[in-house]
Every structure is written in C-alpha cells, then in structure tokens.
Amino acid sequence: GSKQSTITRFFSKV
Amino acid sequence: MLELRLVQGGLLKKVLDSLKDLVNDANFDCSATGFSLQAMDSSHVALVALLLRSEGFEHYRCDRNLSLGMNLSNMAKMLKCAGNDDIVTIKADDAADSVTFMFESPNQDKIADFDMKLMDIDSEHLGIPEAEFQAIVRMPSAEFARICKDLSTIGDTVVISVTKEGVKFSTRGDIGTANIVCRHNTSVDKPEEATIIEMEETVSLTFALRYMNSFTKATPLANQVTISLSSDLPVVVEYKVAEMGHIRFYLAPKIEE
C-alpha cells in the first residue's frame, strides 16, 4: 500500500 | 501603519473562499513586495502560498514588515459582507490587535468598516526550493475541478500520469476504476480553453483527492490552472490571481511503503 507523506518531508524550516 | 486598497475587492473574497477550508489560522505577511501568506493544513500534507504583489493594489502603504495573524474563516465571514464590486481597504496600525476591512461600493454611496481581532499564531515558514519539473500541465481550471469531483465519487486517490499521450487522471474504488485522459490541445477558440502539456520525462504520482478537491475552490479566480509534477516532490497546483499574483497549493504525494 501507499502512505501519505507530509510537506515537511520535502521542504525544511527557514 | 498598513493601508492596502484593492479596487477589485471581489478578488480577496475569492481568495479567502479558496483558503478557508484548508487552513484555520494563518499569518498574512505585509512587506514592500506585497501581501502574502504561507500556511499548511493541520495534518501538514498540503501547503498554500499566496502572493498579491504591491503593484496590484491601487494604494499600498506598508511602513514596516508586519505579520497579521488571522482566523481565515472569520476573515472570510467579514469579506462575505463586501459586495463583489466593492473596493476593499485593509488597515492596521503597527502594534494593532485588530485589523479593519473597509468596503466602498463602486459609486461611493455605501461605506462599511469591519474590525476583526487579530491573533498570535506560531507558524513555521518553510523554504520552497526552486524545482525543475518533469512535467507541467496547463488546462482549463473548470475541467480540472470537474475531473477531481468526478473521480472522488469513485475513489479516494488520484494517480496523475504524464506521458506522450497526454495527462491521465486515474482512480480506483470499491465499485470500479476510472481513467480520464486529456491531450495536448491548442486548436481552440479561446486561449483559456487550451490544454498545454510540457513534458521533460514521463512522471506518475499519487495524491489524495480530498485535498485536490479543496484546491479547486480557487477555480473562480482563474480560467486556467497549472499543475507541475516531479517524481518524489509535492505537486504544485497554481491559480493566477488576476495580474497581481498567485495562489500555489503544494500537495505531498502518497509514497509506496
């Protein structure tokens, strides 16, 4: 099955 | 002191309608560049970035950078009280705990002001890297909204695949499966009816339809939507806001475990 990833996995805090 | 006067006040109403179901509270950032917002939904699966450039306002005064924390559903309630053709002015003092929305009817015979309490919001700002996309699809926004709505009656997720054949939207659910293919098509009467597919490489990604459907609330803002895809990156679904800016929705893909 597939799992929902999150935005913070790709973009980091500035 | 902040004072932003927008002749096309209806645009702000549409912007809020497209944000309020996705994000509860957010900071609006005002700087010399413009009026902007970046916020994630509560589960951090989607991110929205709004920019309304200062040049798009009839009058734009922002003495120093200011962050206004607002509850978006309350802001939408206030803006609903403005007429679609009203001129909207947003005003706040530097150390203000409230923001004023002023609505003027086009012929100046009705002037209203609504004061809304501001809130302190701890929000983290994310750096969005410039990306090279494997595929960029431009298509009529109403067509994209229709596809997302139709597919969500059958399944919960959409697989968006771009190949030489075109862009394919697929879903599967308990009752069966559905595939909708849109081909590159520029032989149309009006430019806004075109579907333009630019592909560097084939790409296929899976997304939750619930979020896609939420993004399509921005459909009244623009005739065209731009969908930018790259493997293992969030999709970007962009709507232009007249000539003055954009709303970009980022949605994290579903990833095979």
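Bear in mind the structure is a predicted one, so any value in this text is a computation, not a measurement.
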CG/B:Asp232 to CZ/A:Phe10 distance, rounded to the nearest 0.5 angstrom? 6.5 Å
Heavy atoms of other groups near B:Asp122 CG, more than 12 under 6.0 Å: no
Is there a donor-acceptor pair closer than 3.5 Å between any side-chain N or O of A:Gln4 and the backbone N or O of B:Ala252? yes
Does atom CG (B:Asp21) have a neighbourhood of more than 12 heavy atoms from anything else shown, all under 6.0 Å? yes
Counting only non-hydrogen atoms closer than 4.5 Å, does A:Ser5 touch chain B with its backbone (N, CA, C, O), its side chain (CB onward), both, or neither? both
For the CD1 atom of B:Ile255 and the OG atom of A:Ser2, what is their distance to the nearest 0.5 Å? 9.5 Å
With a 4.5 Å cut-off on heavy-atom pairs, point out which of A:Ile7, A:Thr6, A:Thr8 contacts chain B the most. A:Ile7
Ring centres of B:Tyr250 and A:Phe11 under 6.0 Å apart? yes
With a 4.5 angstrom heavy-atom cut-off, which part of B:Ser43 approaches chain A: side chain, backbone, both or neither? backbone
Using non-hydrogen atoms and a 4.5 Å limit, figure out which bit of B:Glu124 sits close to chain A: side chain, backbone, both or neither. side chain
